[in-house]
Amino acid sequence: MGQFADRQGVAAWLNVHKGQQVRLTCPGTSLRLVGRSDGIEQVDACSTDVYLGELRTDLPGVQIAVTLHDEVLAVHLLAKGGQPGAGQVSLPLSVPYDQLRLERADVPEAAAASESAAKEEPEFSPYELLHFPRSD
């Protein structure tokens, strides 16, 4: 099972990290989006709840909209060309919640990796090292 089971978990995580730089990835793919979370808003659209949000980037002309559906997070990346008359790139993506990974992007990756590695190391007493049999 992944980091999230449903849209409520994703919405809660993005709302807790509102205003912070976040990284959205899907392990096993090259998907990697980084932006500042605006949180998730619940909108009533004709008696149907719609969950909408945005990741803001520092890149001019780039918009990342997110919509939380029942089983997938829909991402719509829109990039406008910087030159007048330049085209646009519109890229819709869907990521199942159980494959979605969200993390803070403003926390250095090396520090996060060392923390997770430290948690995975087995705990033992230094005295145990003194009692291992020697192999000569």
Side-chain angles (χ1 to χ4, degrees):
M1 180 143 235
Q3 184 181 9
F4 299 101
D6 56 21
R7 68 179 171 192
Q8 284 80 14
V10 174
W13 194 94
L14 288 170
N15 285 332
V16 165
H17 295 90
K18 187 175 183 176
Q20 297 173 345
Q21 195 84 357
V22 299
R23 181 179 302 111
L24 184 151
T25 59
C26 181
T29 70
S30 58
L31 177 64
R32 182 178 178 269
L33 298 172
V34 177
R36 192 162 306 282
S37 171
D38 274 354
I40 297 295
E41 222 178 294
Q42 183 178 352
V43 179
D44 182 12
C46 298
S47 300
T48 302
D49 290 334
V50 179
Y51 297 84
L52 305 169
E54 188 171 346
L55 296 179
R56 298 200 183 272
T57 68
D58 294 334
L59 302 170
V62 176
Q63 296 175 323
I64 304 171
V66 295
T67 308
L68 283 68
H69 297 277
D70 288 335
E71 297 177 6
V72 297
L73 172 78
V75 178
H76 188 194
L77 175 66
L78 181 64
K80 298 177 184 177
Q83 306 278 333
Q88 320 187 79
V89 174
S90 176
L91 182 62
L93 305 164
S94 294
V95 181
Y97 294 120
D98 63 351
Q99 295 177 18
L100 176 68
R101 174 116 176 105
L102 288 170
E103 58 193 3
R104 295 261 315 268
D106 51 359
V107 175
E109 288 183 41
S114 67
E115 284 178 17
S116 67
K119 291 178 186 175
E120 293 174 9
E121 290 181 18
E123 293 184 25
F124 60 90
S125 164
Y127 296 107
E128 290 179 58
L129 294 176
L130 299 174
H131 299 290
F132 281 123
R134 291 187 184 185
S135 60
D136 294 322

Peer 1: CG/L24 to CG/L93 distance, rounded to the nearest 0.5 angstrom?
Peer 2: 9.5 Å
Peer 1: Using modelled atom types and a 3.5 Å cut-off, is there a donor and acceptor pairing between side-chain atoms of R36 and backbone atoms of G19?
Peer 2: yes
Peer 1: Following the transitive rule for hydrophobic clusters with a side-chain heavy-atom cut-off under 4.5 Å over Ile, Leu, Val, Met, Phe, Trp and Tyr, establish whether L102 and Y51 coincide in one cluster.
Peer 2: yes
Peer 1: What about V75 and W13, same hydrophobic cluster or not, with Ile/Leu/Val/Met/Phe/Trp/Tyr joined at side-chain heavy-atom distances under 4.5 Å?
Peer 2: yes
Peer 1: If only atom types and distance count, is the side chain of D6 paired as donor or acceptor with the main-chain N or O of G9 below 3.5 Å?
Peer 2: yes
Peer 1: Is S37 reaching over with its side chain to a backbone N or O of L14, donor-acceptor style, under 3.5 angstrom?
Peer 2: yes
Peer 1: Can you name the closest pair of heavy atoms from D106 and R104 and give their distance?
Peer 2: OD1-NE, 2.8 Å
Peer 1: Is there side-chain contact between V66 and I40, with heavy atoms separated by less than 4.5 Å?
Peer 2: yes
Peer 1: Determine whether more than 12 heavy atoms belonging to other residues, nucleotides or ligands lie under 6.0 Å from atom CD of E71.
Peer 2: no
Peer 1: For the pair Y97 (side chain) and D70 (backbone), establish whether a donor and an acceptor sit closer than 3.5 Å, ignoring hydrogens and angles.
Peer 2: no
Peer 1: Between L78 and Q88, is the side-chain contact (heavy atoms from CB on, under 4.5 Å) condition met? List the steps.
Peer 2: CA-CA 7 Å; L78 181 64; Q88 320 187 79; 3.8 Å; yes
Peer 1: Please determine whether side-chain contact (heavy atoms from CB on, under 4.5 Å) holds for the pair L31 and T25, giving the CA-CA distance in whole Å, both sets of side-chain angles, and the decisive distance to 0.1 Å.
Peer 2: CA-CA 5 Å; L31 177 64; T25 59; 5.9 Å; no
Peer 1: Please report the shortest heavy-atom distance between H76 and S90, naming the atom on each side.
Peer 2: NE2-OG, 2.6 Å
